[in-house]
Amino acid sequence: MTSAEVPPVLGPTIRPRRLRTTPALRRMVAETSLEARQLVLPLFVREDITEPVPIGSMPGVVQHTRSTLLAAVTEAASLGLGGVMLFGIPTAKDAVGSGATDPNGILNLAITDVVAEVGDALTVMSDLCLDEFTDHGHCGVLTSDGRVDNDRTLEAYADMARAQAHAGVDMVGPSGMMDGQVAVIREALDAAEHTDVSILAYSAKYASAFFGPFREAVGSSLVGDRRTYQQDAPNAVEGVREALLDVQEGADIVMVKPALAYLDVVRRVRDVVDVPVAAYNVSGEYAMLEAAATQGWIDREPAILETLMAIRRAGADVVLTYWAAEAARLLAR
Ligand code: PBG
């Protein structure tokens, strides 16, 4: 029966409020869960620093040293998080992002450190993209006239996938939005006998102002924008197409990013794919809420949990969020 067909009732007999009477009843009928295991904590590790460096636009988030990173992942494991997503910040950058494939590059070293520290207690994931390693800040290598060269970038991603798998990563996260990236990475991993390394594909990743604080977090050198490879905000059908293509190419998990301004895309993708769906609660979403809370304009802890619940309710099985550890603590209370 649709609501239009609900017969008129004499008096207040039908009372949805009954199911909201007590905390126990509300808990029993809750349609959506929010649990530590569904949360993934993104972490930044920077080469050549001896103390963690705070990120101004993301209060509470730091660039880790190799050793403080280990404390953070140990805590993440003890809180029962689903995983961590590692981002590396190299000292030297160049046109082709050599630091990304160098076995002694900061991200590859950090992967090995982290896996040695937490073993199988967490899923260890790594960003597979060149932007942190290139001096021009783009996610790929450039043609002589300055455009991002899709197919040459794919070769670099294959190398990067091999390097990360060799370092011991459980799951790679290609975030560069190059066409064919998932297929090329899957093939490279399989050919190198890393058939167990899985792929979390940034499938529907939109060119977004909400990535602003992240650019500070990784000391990005980008001038201009990523609009020739990341998606346009008006397009949701295209986001679904990207996700379906990634599943066809062998993605184990598909992701929508950012989360909050694209919850409709999360829902549409969830409704059509048969793999887990992740959503990335990005830096700008974090910064907005933290800034409002600092002003005393919003009640921080319930707002964090409501935000993460909204992303889950939209259809995300897994949520990447800078609040992962804190949310796990709040949920355990
Ligand atoms: C690319 C990458 C970005 C983010 C994750 N991976 C930045 C970008 O595409 O510009 C953004 C994450 C965030 O804003 O929290 N390596």
Side-chain angles (χ1 to χ4, degrees), residues 39-46 55-63 83-90 93 97 99-101 105-107 110 125-141 148 153 156-157 160-161 164 169 171-178 181 185 199-233 242 253-262 278-291 307-308 311 316 318-324:
L39 305 177
V40 173
L41 178 65
L43 290 165
F44 302 102
V45 57
R46 178 167 160 188
I55 300 162
S57 52
M58 300 176 73
V61 181
V62 301
Q63 297 173 334
V84 290
M85 172 64 79
L86 305 177
F87 294 91
I89 305 153
K93 304 180 184 193
T101 48
I106 181 65
L107 181 53
M125 314 178 189
S126 52
D127 189 50
L128 199 168
C129 192
L130 290 181
D131 65 313
E132 289 95 10
F133 298 93
T134 51
D135 51 14
H136 46 72
H138 274 294
C139 294
V141 292
V148 175
T153 299
Y157 287 178
M160 199 172 176
Q164 295 183 348
V169 83
M171 187 178 285
V172 294
S175 64
M177 289 298 284
M178 295 302 125
Q181 63 185 11
I185 289 166
I199 301 177
L200 173 121
Y202 288 63
S203 300
K205 180 176 178 183
Y206 289 85
S208 174
F210 292 101
F211 300 155
F214 178 93
R215 307 265 163 94
E216 179 195 346
V218 299
S220 171
S221 337
L222 184 70
V223 183
D225 61 53
R226 304 198 197 287
R227 294 189 174 277
T228 68
Y229 42 107
Q230 297 181 346
Q231 286 186 253
D232 253 359
E242 288 276 12
I253 300 180
V254 293
M255 184 152 74
V256 175
K257 177 185 177 184
L260 294 182
Y262 299 89
Y280 199 141
N281 175 216
V282 300
S283 58
E285 299 169 356
Y286 177 90
M288 281 196 297
L289 196 155
E290 290 291 339
T307 297
L308 300 178
I311 299 168
V318 175
V319 183
L320 277 71
T321 175
Y322 302 98
W323 288 305

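In this chain, residues are counted from 1 in sequence order. Just so you know, ligand 1 is whichever comes first in the structure, and atom 1 is the first atom listed for that ligand.
Close approach of ligand 1 to Glu132 (heavy-atom distance below 4.0 Å) involves ligand atoms 16 (N). Annotation for ligand 1: atoms under 4.0 Å from non-hydrogen atoms of Tyr280 are 12 (C), 15 (O). Within ligand 1, the atoms closer than 4.0 Å to a non-hydrogen atom of Phe214 are 2 (C), 3 (C), 4 (C), 5 (C), 6 (N), 7 (C), 11 (C), 12 (C), 13 (C), 14 (O), 15 (O), numbered from 1 in the order shown. Those atoms of ligand 1 that come under 4.0 Å of a heavy atom in Phe87, given as number and element, are 5 (C), 6 (N).
To the nearest 0.5 Å, atoms CG (Leu107) and CD (Gln164) are separated by 5.0 Å. The CE atom of Met85 sits 6.0 Å away from the CE atom of Met125 when rounded to the nearest 0.5 Å.
Heavy-atom distances between Tyr322 and ligand 1 reach below 4.0 Å in at least one pair.
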- Task: Could you walk me through whether Tyr286 and Ser57 pass side chain to side chain contact (heavy atoms under 4.5 Å, CB included), step by step?
- Result: CA-CA 9 Å; Tyr286 177 90; Ser57 52; over 6 Å; no
- Message: Evaluate His136 against Val223 for side chain to side chain contact (heavy atoms under 4.5 Å, CB included), listing each step before the verdict.
- Response: CA-CA 7 Å; His136 46 72; Val223 183; over 6 Å; no
- Stepwise side-chain hydrogen bond (donor to acceptor under 3.5 Å, both in side chains) check, Trp323 with Glu285: CA-CA 11 Å; Trp323 288 305; Glu285 299 169 356; over 6 Å; no
- Message: Using the rule given for side chain to side chain contact (heavy atoms under 4.5 Å, CB included), can you reason through Leu130 versus His138, listing the C-alpha separation, both sets of side-chain angles and the distance that settles it, and then say yes or no?
- Response: CA-CA 7 Å; Leu130 290 181; His138 274 294; over 6 Å; no
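Here Asp127 has side-chain heavy atoms under 4.0 Å from ligand 1, and that is the only part of it that gets that close. Using a 4.0 Å cut-off between heavy atoms, Tyr286 makes no contact with ligand 1 at all.
Among protein heavy atoms, atom 10 (O) of ligand 1 sits closest to Arg215 NH2, 2.6 Å. At the top of the distance list for atom 16 (N) of ligand 1, counting protein heavy atoms only, stands Asp131 OD1, 2.6 Å. When hydrogens are left out, the protein atom nearest atom 4 (C) of ligand 1 is Lys257 NZ, 2.5 Å; that is the closest non-hydrogen contact. Among protein heavy atoms, atom 14 (O) of ligand 1 sits closest to Ser283 OG, 2.7 Å. Atom 8 (C) of ligand 1 has Arg226 NE, 3.4 Å as its closest protein atom, hydrogens excluded (heavy atom only). If you check which protein heavy atom lies closest to atom 2 (C) of ligand 1, you get Lys205 NZ, 3.2 Å.
The closest side-chain heavy-atom distance from Thr101 to Met160 is below 4.5 Å.
Between Phe87 and Phe214, the ring planes are perpendicular. Angles over 60° get that label, and only those under 30° would be called parallel.
A distance-only check finds no donor-acceptor pair linking the side chain of Tyr262 to the backbone of Ala233 [under 3.5 Å].
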